[in-house]
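Since the structure comes first, as C-alpha cells, the remarks are kept for the end.
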Amino acid sequence: MKTRPEEERIVITGVGLTSPNGDNLPEYRKSLLTGKSGIEPYSIRYFGDTLAGVCHYDTLKYQSRRELRRGTRAGSIAIYCANEALRDSGIDWSGVDRSRTGVYIGLTEHGNVETENEIYGISQYEYDCSYWSHHHNPRTVVNSPAGEVTLNLGITGPHYALGAACAAGNAGIIQGVQQLRLGEVDFAFAGGVSESIHTFGIFAAFNAQNALARNDDPAKASRPFDMARNGIVVSEGGCLYTLERLTDARRRGARIYGEVVGYGMNSDATDFVLPNPERQAECMQKALACAGLASEEIDIINTHATATPSGDPQEIEAIRSLFGSSPKTYINNTKSFIGHAMGAAGVLELAGNLPAFDDGIVHPTINVDQLDPKCEIRNLVLNTPREVGKIRLILNNSFGMVGINAVVIVAKVEND
C-alpha cells in the first residue's frame, strides 16, 4: 500500500445513516448479520401497489415540523445523517471552524419529488398555477440537500451536490477526500442520499424497462445473483461520513472507522443503461493503483449488483477478471437486504461492511436460492455470514446509468 504523509491520509471518524433496516450503524449491522430485510409493501399515487425500501427514522430529531414543511425529503435525510455522523464522531462542534467545513453529497436525481407534488397539488384546483408553492425553486435546485445541512448546522464552508447516478455516494466520498487533501477544508461531511421512492416516475420507468422487482414475499424481492431475480427494488436512504485528516483525528483521540486509501472514477461511453464490464474492471484497477495495492490484498468486495438479469453477470465478469484467482477476497452484496438506494447505495453498502474491521465477519448476500451460473465466483458469501478472521481492506463498487463508475477502497487503520 502506498505510504502517504500523515496529513494526506484521510479517515472516517463518524457514520450517520438511515436505511430501510436500521437507523444507525449498530442496528444496521445487526440486520445484515441476522438476515433482516428492509423491503416492504408500498403504494404511491398513479403507479399503485409495489415494493420499496422505506426509512423510518425520527424526522423530528433534528428538525422542527415547520422546517420539515419548508425543506425536502432528501434534505431531511441529509440533516438526520449529518447530525448522527457529527454526534458519532465525538468532535467538539463548538470548536470546529464552520468556514473550513465542507458538505459533499451525492445524488442520483433531485427535484422530481417536489415537482410531482406541486403538479398533483394544482391538479386539485383545475391546474391553477397560483397555487404553486413559492418554495418550489429552492427545493428543486440540485444543491438543496447539501445546502439544507449547512442551514441546519450553521456551516459556512463550501457545499454542493454531485450528480453521478447510482455511483453518487462514492463520488461524494471521493470529493470529500480530495478537498481535504487540497487543504480547501479541515472537516467534511461526505456521502449520499436518496428520496427516490417518493416519485412515482421512477417506479413507472423501471416498470417500463421490465426492471422492477416483484415477489409475493417482500423480503425475497431483492435477490442479486439468483436465477429468479427479476429487477430492482427502489429504496430511499442516506449515509454521511465525517472525514478528517489522520493527524487531526489522532490529535483529538477520535475513534477511526477506516482510512480512504484509494479510489477511481471513469465512464463506460458505450450505452445509456447497459453496463460495460471492461470499464468497470478498469475503474477497480484505477482504485487499486491509487492505493498501491494488488488485487489479492483486498479482503471484501461489496458489489453494486442490483438484481437485474444483465447487470449482475457483467459485474461478476469484471470482478473475475481482476480477483478470480485471489484466494482470500470475499464478495458480498447489500442490496439484497435494503434494495437499491440509488445515490445513497454505495455509502450505505460501505457502512454495512466497515464493522468487519473489528468483528472479522463478512455479511452475506441473502435470497440466493439458486445461484446463476453466470454469477459464480470464488468466495461469494451467500445467505449466511462468514467469519474470516482479520480484515484489512474493503473495496466498494458503485456503477450508474449513462456509464458512470466509482470505486472506493477503505483500509483498517493500525496503530503505526
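Computed over heavy atoms, backbone and side chain alike; hydrogens, waters and symmetry mates excluded. Quick caveat: nothing in here was measured; it's all calculated off a predicted structure. We count residues from 1, following the sequence as given.
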Handout entry: Under 3.5 Å: donor-acceptor pair, side chain of Glu244, backbone of Ile12
Key = no
Practice task
Answer with yes or no after comparing the ring centroid distance for Tyr160 and Tyr104 against a 6.0 Å cut-off, counting only values under it.
Solution key: yes
Practice task
May I ask you to decide whether Glu317 forms a salt bridge with Arg320, counting only side-chain N to carboxylate O separations under 4.0 Å?
Solution key: no
Completion exercise
From the list Val413, Leu393, Val410, side chain to side chain contact (heavy atoms under 4.5 Å, CB included) partner of Val261 resolves to Leu393
Problem - Note: Glu349-Lys335 ion pair, threshold 4.0 Å (strictly below) - result: yes
Handout entry: Residue pairs, two or more places apart or on separate chains, that pass salt bridge (charged side-chain N to carboxylate O under 4.0 Å, His left out) and touch residues 181-203
Key = Arg100-Asp186, Asp186-Arg245
Exercise for the section: Would you mind checking if Lys390 and Glu414 are paired as a salt bridge, meaning a charged N to carboxylate O distance below 4.0 Å? Expected result: yes
Problem - Expected output: side-chain Lys286 to main-chain Met265 donor-acceptor under 3.5 Å - result: yes
Problem - Main-chain N/O of Arg279 paired with Asp268 side-chain donor or acceptor, under 3.5 Å - result: no
Practice task
Give a yes or no on whether the ring-centroid distance for Phe337 and His363 is below 6.0 angstrom.
Solution key: yes
Handout entry: Asn353 and Asn332: side chain donor to acceptor below 3.5 Å
Key = yes
Practice task
Scan side-chain atoms only and decide if Tyr62 and Ser76 contain a donor-acceptor pair under the 3.5 Å cut-off.
Solution key: no
